[in-house]
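The structure under discussion appears below in the form of structure tokens.
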Protein chains: 2
Amino acid sequence: MLPSSTVENYLKAIYLGSSAAQTQPQRLLPMGQLASALGVAPGTATTMVKTLAESGLVKYEPYAGVALTAAGQKLAAMVVRRHRVIELFLVRVMGYGWDEVHDEAEQLEHVVSNRLIDRMDEMLGRPEVDPHGDPIPDARGVVKPQQAQSLLTCPLNTRVTITRVIDQDKSFLRFIESHHLKPGESIEVEERDAASDSVRVRGKDDQRVTIGTRAASKLLVQ
Amino acid sequence: MLPSSTVENYLKAIYLGSSAAQTQPQRLLPMGQLASALGVAPGTATTMVKTLAESGLVKYEPYAGVALTAAGQKLAAMVVRRHRVIELFLVRVMGYGWDEVHDEAEQLEHVVSNRLIDRMDEMLGRPEVDPHGDPIPDARGVVKPQQAQSLLTCPLNTRVTITRVIDQDKSFLRFIESHHLKPGESIEVEERDAASDSVRVRGKDDQRVTIGTRAASKLLVQ
DNA sequence: GCGGTAATTTTGATTAGTCAAAATGTGGAA
DNA sequence: TTCCACATTTTGACTAATCAAAATTACCGC
Ligand SMILES: [Mn+2]
Ligand SMILES: [Mn+2]
Ligand SMILES: [Mn+2]
Ligand SMILES: [Mn+2]
């Protein structure tokens, strides 16, 4: 039985949801979070997760949450791999903007063959990250661990390079792009102010930008 | 309501099935043929066609058959357009063989956006035919009429150019390719023999090939 | 320990798509 | 005309995925 798009979406949501609060191997993702990540009613997620557990793709603890098994992990990583390879392909080969690729990839990830993904991957030179800096799992499902510092935690007045933007929202991505804060850009955090809940950044050509801490936490640096 | 993959497949099958026996605008496709084209039980096709008729996409005559309405025609043409643009893209850009593209396109045709199709179409130079010589409907759903002569009907001992191969079967396509009978090749029919049910062709470098009439009818020329 | 609140699970129903097998209609042969 | 074979439709049932709303459970503060 090859997994349906629905099953793939559940596995991916569990994969992304569990690593979001980047923690030890087996954190349990609460059902409520899973349901809202997928935009379905809570009861729907419960039912589906029980059948995934039957199939041995997840471990389900009633009232506690859900986690991927090794088999589920592998499948989920492949879906994420397809998603991210496709995003990069759309940007590099098809001339899409980085704010336009997510929805398209969301559909394509379920139907593209391994063959085609491998062609794209080859054509792109076996890339390690997608246009947002999200790591691309390799063909075995393994991801290079990224060390995570954000604009909220990195040292002040020190050159750092933006490596990743954790948010798919179109208008946020366009904002980031227009202020030269895309992955690859070199910047410096000048000041953090708790009172105003903001962070001031010096970027390209010494231009200043002030952004909220919520937004700042979405920008990872190295 | 955007049409499901299932609906798209039904519309496409009706579109292709009605034009197969290339006839006047409104030939009715028998339900049995539709069912077997889709690989579905006869009763399933009947049920589905009734709901398509409710939606105004087809005209359904019980015990007679089904035909597309103008709305259904348009939708079907767009599915066929996507399928064929994708096939050509896979061959020209992704390095696929012409015998490897059909299954991939069969899936992709339902999820690729208009945007992406247009990018492919542009990148390919607004092509009029796919790798098999099948005509690509334009963005409005219109196809250039092809005049149809096959190896069974074309004049003998006269140079003709192969323009289309009407069969998706992998091994047939590989046979055609290995004998230099792909669209674009120039050939000449030397002899037709009813008794042996075969046709002898002189092709590239004056090489001879003899093929059955069934196969010969699948090769269109100009 | 005892409530109360919020998260979670259960229940009952719905929709799309499908099949097998029974019932029915159609058109041609006699 | 009548009848039969075959195509088609109808019937009853099933699976995957979903929701709303009712029932249950967990946990936290007192
Ligand atoms: Mn994305
Ligand atoms: Mn991404
Ligand atoms: Mn095809
Ligand atoms: Mn084709």
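FYI, side chains are in, hydrogens and waters are out, and symmetry mates aren't considered; it's all heavy atoms of this structure. Residue numbering restarts at 1 for every chain, and letters A, B, ... go by the order of the sequence lines. Only a predicted model underlies this, so the values are computations on that prediction, with no experimental measurement involved.
- B:D118 has a carboxylate O that lies under 4.0 Å from a charged side-chain N of B:R126, or vice versa, which qualifies the two as a salt bridge.
- Among the candidates B:D130, B:D138, B:D121, the single residue satisfying the side chain to side chain donor-acceptor pair (under 3.5 Å) test with B:R81 is B:D121.
- Nucleotide D:dA17 holds its P atom 8 Å from the OH atom of A:Y10, rounded to whole Å.
- We find that OH of A:Y63 is positioned 6 Å from P of D:dT25, with the value rounded to whole Å.
- If you measure from atom NZ of A:K50 to atom P of D:dT18, you get 16 Å, rounded to the nearest angstrom.
- A straight line from CD of A:E61 to P of D:dA26 spans 12 Å, rounded to a whole angstrom.
- In this structure, B:L34 atom CG and D:dA7 atom P are separated by 15 Å, rounded to whole Å.
- The span of DNA chain C lying next to chain B, judged by atoms under 4.0 Å from heavy atoms, is bounded 5' to 3' by C:dG17 to C:dT26.
- Regarding B:Y60, its OH atom lies at a distance of 11 Å from the C1' atom of D:dA7, rounded to whole Å.
- DNA chain D is contacted by both A:S4 and A:G43; A:S4 maps to the nucleotide lying nearer its 5′ end (nearest heavy atom per residue).
- With A:V7 as reference, A:L52 is the one residue of A:V79, A:L52, A:L2 to meet the side chain to side chain contact (heavy atoms under 4.5 Å, CB included) rule.
- Other residues, nucleotides and ligands contribute only 12 or fewer heavy atoms inside 6.0 Å of the CG atom of A:N114.
- Under the 3.5 Å distance criterion, the side-chain polar atoms of A:E87 are left unmatched by any main-chain donor or acceptor of A:A105.
- Judged by distance alone, with hydrogens and angles left aside, the side-chain atoms of A:E100 form a donor-acceptor pair with the main-chain N or O of A:G97 at under 3.5 Å.
- In this structure, NE2 of A:H110 is placed 12 Å from P of D:dA17, rounded to the nearest angstrom.
- At the phosphate of D:dA17, OP1 or OP2 sits under 4.0 Å from a side-chain N or O atom of A:T6.
- When rounded to the nearest whole Å, the span between CG of A:N9 and C1' of D:dA17 equals 12 Å.
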